[in-house]
Structure formats: structure tokens, C-alpha cells
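Down below is the structure, laid out as C-alpha cells.
As the structure is a computational prediction, the values presented were derived from the model and not from experiment. This chain uses plain numbering: 1 for the first residue, then up along the sequence. No hydrogens, no waters, no symmetry mates; every other heavy atom, side chains included, goes into these values.
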Amino acid sequence: MASSAAYFAFSVLVTLHLCCCHGQAADAAGSNSSDVTAIYSLGDSITDTGNLIKEAPPGMFETIKHLPYGITFGYPTGRCSDGLLMIDFLAQDLGLPFLNPYLGKNKSFDHGVNFAVAGATAMDPTDQFSGRFFAPFSSNSLNVQLRWFKDYMKSTFSTDEGNSPDQFHIRKRLQSSLVLIGEIGGNDYNYALFGKSVSEVEKLIPGVEVLEMGANRVIIPGNFPIGCMPTYLTSKRSSEPSDYDATGCLRELNRFAAKHNARLRRAIADELRPSYPAAAVAYADYFNSFLALLDAAGELGFDAGSARRACCGAGGGEYNYDPRRMCGAEGAAACAEPEKYVSWDGVHMTQAAYRAMSRLVYHGMYLEPQILSLADAP
């Protein structure tokens, strides 16, 4: 029987009615990045460049609409960081402008669209949680973002009559584009893990791995080692030294994230690549690249002693994270040098950390296979 990941990938392709790259195979060993003229991105807060603040009801998520969010960039942009994200550095490296959020008004989408929404889940909340876990605050799951993508492509590449999509031009556009699906799936676990054990939440894994969209170049990132994040290090604090690894991260949570990533990689290798041999489908290893960043934090310009401490937060202590006083709330404050920190607000990373991650993944050894022809990481 096909895995649920493969079944979901198939349903995505049916929904989109997009080209599945049955033509000439893309060079999986290293496509020419100069051929990429657009990026289409789906995901959550790791990638969202402003969709959440466009759709949030008045009074909701006010913190990310104001400083200190965006402080390194110069002003708040709707990004969940002090500055730029990995998707921004990837666009720069491909010679493209930053991606505008899909929900932004009067924005240019000439070089791609960002459909990602902070807080989004891979699975539809009603299907996934069913009252068993804390429900997410964003209803814009991957299915919703896929529908946006489909609507955008149909409306942008319609026939002269304007009543049917021009499949030829859709295929042509996708063959010169890069599609980034994720990171997404992390929130499916984030919502579930608070108040539940890892063993309970593990039951969600088979339905989370969401893949492929049928373009020439597709990148599918795995999840981060969540046991290294200040939010979990605080909420799942343990008095047992054996619960922590050599880097000070929680072993059980990292094993859990690694299990998700292993299933995702198998789905890519066993289902997607054989089904769509003409597409270059790469796995972005966020897990091991982040561990490499922590291991070399000092060499990369970070304060090694603050590698697992939030720059912006409250509570002090080892992790400077308090869920009652998160970044931007009364009583919380940002550090003076965000570039010295890996974590921005206990959940998301700083611009400096995202830059380092972008170099490690898109320029280096953590994109499997390497389908971009970018300069080697310093």
C-alpha cells in the first residue's frame, strides 16, 4: 500500500492540475540557478514574509507588526524575526527580489509569490486535531496555500477569453521556477506537543509529510531539531542530565523530529523521485545543518554561550523564554546584538542565523541532491 505521504502528494497534483514534468529530465546534480526566474514558496513562519499580518483580525498578532520585530531590517515587515529569512537570502543568491506575500495588495509577483502563512499546518486542522490537541490559530494549512497557488496560476496564465487556464504557459513558467514546500509540518507537532507526550503525538506523523507540486525544481525541507529550541527547552525542562545531549538539547524531542525527517526522506526517495523522474526533487536538511550551526556557533560569529538563548524575551535564566511574556509583549526586551544570537524569540531564528542556515543548506552539503549552482558557502 502506498504511504500516506505519497497519497497526499498525488492528491496535491490532482488538485493543482499542473504539469508533472514528464518532459526532459532536470539535472539533479546541479541545475543552472540562472535559469530560475521565479520562486513559489509555501510554508509557515519560517518562510512567511507578511501573509499572517494581512489576514489576522484587528488586535491579533500585534507583536510581529511592531518593533522589535524587524529591528535589524529597519522596520517590521511581518517576518517572525529581527530581519530577513532564509527565503530572502535564497532569492538574493538567485538574483531575484524578495518575494511578496500573496495577500499583499498592489504587489509585484513577476518573480514569484510567497504563499506561506505563519502558524500554518501541513494537515487541515479539522482533520488532524479533532479535539485531541490544542487547535492552531491559523486555518491556512498547506491545502489552502495550494488552492491559492492554483488560483494564482489560473488567473495569471488564462487564455485570451479569460475563462480557462493556459496549460502551456503554466508549464513553461514552472519549468523556469523553483518551488519551495516548507518547512511545514512543524506546527502540526508544536500545537500537539504542548500538554501531550511525544508518544501521543507520534501518531500524527504519517499524515504530515507533504511533498511535490510538479515543477522542474522542488525543494522540500525537513524539520528542525526542536529539542534545541528555547521554547521547548523551557516547557519540557528536565531534571535528568541524561535527557540532554552533548549540545544541551533534549534527546527525546530531537529523536522525534528525526523520525519525521526519516519518513519524509523515504517518501521523497521511494515515491516522488521514481514517480516524477523528470523533476529535480531535493531534500533540505534543516535538522543537521542547524546542529552544525550550533556546533560551530563561535566560529560563525555567534556567542556560543547564548546559542540556545532567545535574544528577545523575558524571564532571564538559561533560555530567556517565558510563554507569558514573549517577544514584543510588555515586560519582554530584545538583546543589544541580535547578530550574536541564534534564536530571536525562542521559536524563530535571527537574521544572522537564517543567513548562516541559508549558506549551509543552499550553498553547501545539506541540500540533497544539490540542485542549485550557487557559490560554495564560506
Side-chain angles (χ1 to χ4, degrees), residues 12-13 15-19 36-58 60-61 64-65 69-70 73 75-81 84-92 94 96-125 136-158 162 165-166 169-171 173-174 176-187 210-215 217-221 348 354:
V12 168
L13 290 166
T15 301
L16 282 176
H17 299 292
L18 296 178
C19 165
V36 177
T37 61
I39 303 174
Y40 297 102
S41 175
L42 300 89
D44 55 22
S45 57
I46 305 301
T47 311
D48 185 3
T49 54
N51 280 315
L52 179 63
I53 63 169
K54 299 294 183 184
E55 70 151 15
M60 294 287 288
F61 312 109
I64 63 173
K65 300 177 185 178
Y69 282 89
F73 194 81
Y75 54 89
T77 62
R79 292 167 173 82
C80 294
S81 181
L84 301 178
L85 310 178
M86 289 179 68
I87 187 69
D88 297 312
F89 291 112
L90 177 59
Q92 281 186 332
L94 290 171
L96 302 175
F98 297 149
L99 293 187
N100 284 316
Y102 175 68
L103 298 179
K105 295 182 179 179
N106 302 317
K107 299 290 187 180
S108 170
F109 297 140
D110 291 345
H111 297 284
V113 188
N114 194 342
F115 300 97
V117 184
T121 55
M123 295 175 64
D124 289 330
F137 54 76
S138 174
S139 61
N140 291 323
S141 66
L142 183 63
N143 271 343
V144 173
Q145 295 178 34
L146 289 170
R147 188 174 72 245
W148 289 349
F149 188 14
K150 177 184 176 183
D151 291 345
Y152 169 78
M153 298 301 282
K154 287 173 64 178
S155 63
T156 304
F157 300 101
S158 60
D166 185 332
H169 285 98
I170 289 177
R171 289 194 296 270
R173 178 65 163 181
L174 286 174
S176 63
S177 301
L178 173 67
V179 178
L180 179 67
I181 309 177
E183 181 265 7
I184 194 166
N187 284 324
V210 290
L211 310 168
E212 244 263 72
M213 272 210 281
R217 302 174 185 87
V218 179
I219 295 177
I220 306 168
H348 309 98
Y354 281 131

Report summary line: Heavy atoms of Ile39 and Ile87 approach each other most closely as CG2-CD1, 4.0 Å
Requested in this report: Calculate, to the nearest 0.5 Å, the distance between atoms OG and CE belonging to Ser41 and Met86 respectively.
Outcome: 11.0 Å
**Report entry** Donor-acceptor contact present, side-chain Asn100 to main-chain Phe109, <3.5 Å
**Finding:** no
Requested in this report: Apply side-chain contact (heavy atoms from CB on, under 4.5 Å) to the pair Leu84 and Tyr354, showing each step before the final yes or no.
Outcome: CA-CA 7 Å; Leu84 301 178; Tyr354 281 131; over 6 Å; no
Query raised in the report: In chain order, what residues pass the salt bridge (charged side-chain N to carboxylate O under 4.0 Å, His left out) check against Asp48, with sequence neighbours excluded?
Result: none
Query raised in the report: Sequence neighbours excluded, which residues qualify as side chain to side chain contact (heavy atoms under 4.5 Å, CB included) partners of Ser155?
Result: none
Requested in this report: Measure across Ile181 and Pro221 and return the closest heavy-atom pair with its distance rounded to 0.1 Å.
Outcome: O-CD, 3.1 Å
Report task. Could I get the full list of side chain to side chain donor-acceptor pair (under 3.5 Å) partners for Ser176, not counting sequence neighbours? Result -> Thr37
**Report entry** For Thr49, side chain to side chain donor-acceptor pair (under 3.5 Å) partners two or more places apart
**Finding:** Asn114
**Report entry** Residues forming a side chain to side chain contact (heavy atoms under 4.5 Å, CB included) with Lys54, sequence neighbours excluded
**Finding:** Leu103
Query raised in the report: Taking only residues two or more places apart in sequence or in another chain, which ones pass ring pair (Phe, Tyr, Trp, His ring centres under 6.0 Å) with Phe115?
Result: Tyr102, Phe149
Query raised in the report: What residues, two or more places apart in sequence or in another chain, satisfy side chain to side chain donor-acceptor pair (under 3.5 Å) together with Asp88?
Result: Arg79
Query raised in the report: Which heavy atom in Ile53 sits nearest to a heavy atom in Gly78, and how many Å separate them?
Result: CD1-CA, 3.6 Å
Report task. Taking the side chain as every heavy atom from C-beta outward, state whether Val117 and Trp148 have any atom pair closer than 4.5 Å. Result -> yes
Query raised in the report: Do you know the tightest heavy-atom contact between Ser177 and Val36?
Result: C-CG1, 4.4 Å
Query raised in the report: Side chains of Thr156 and Arg173: closer than 4.5 Å at any heavy-atom pair?
Result: no
Report summary line: Closest non-hydrogen contact found for Cys80 with Ala118 is SG-CB, 4.2 Å
Query raised in the report: Any side-chain heavy atom of Leu178 within less than 4.5 Å of one from Leu90?
Result: yes
Query raised in the report: How close do Ser45 and Leu85 get, heavy atom to heavy atom, and via which atoms?
Result: O-CD1, 4.2 Å
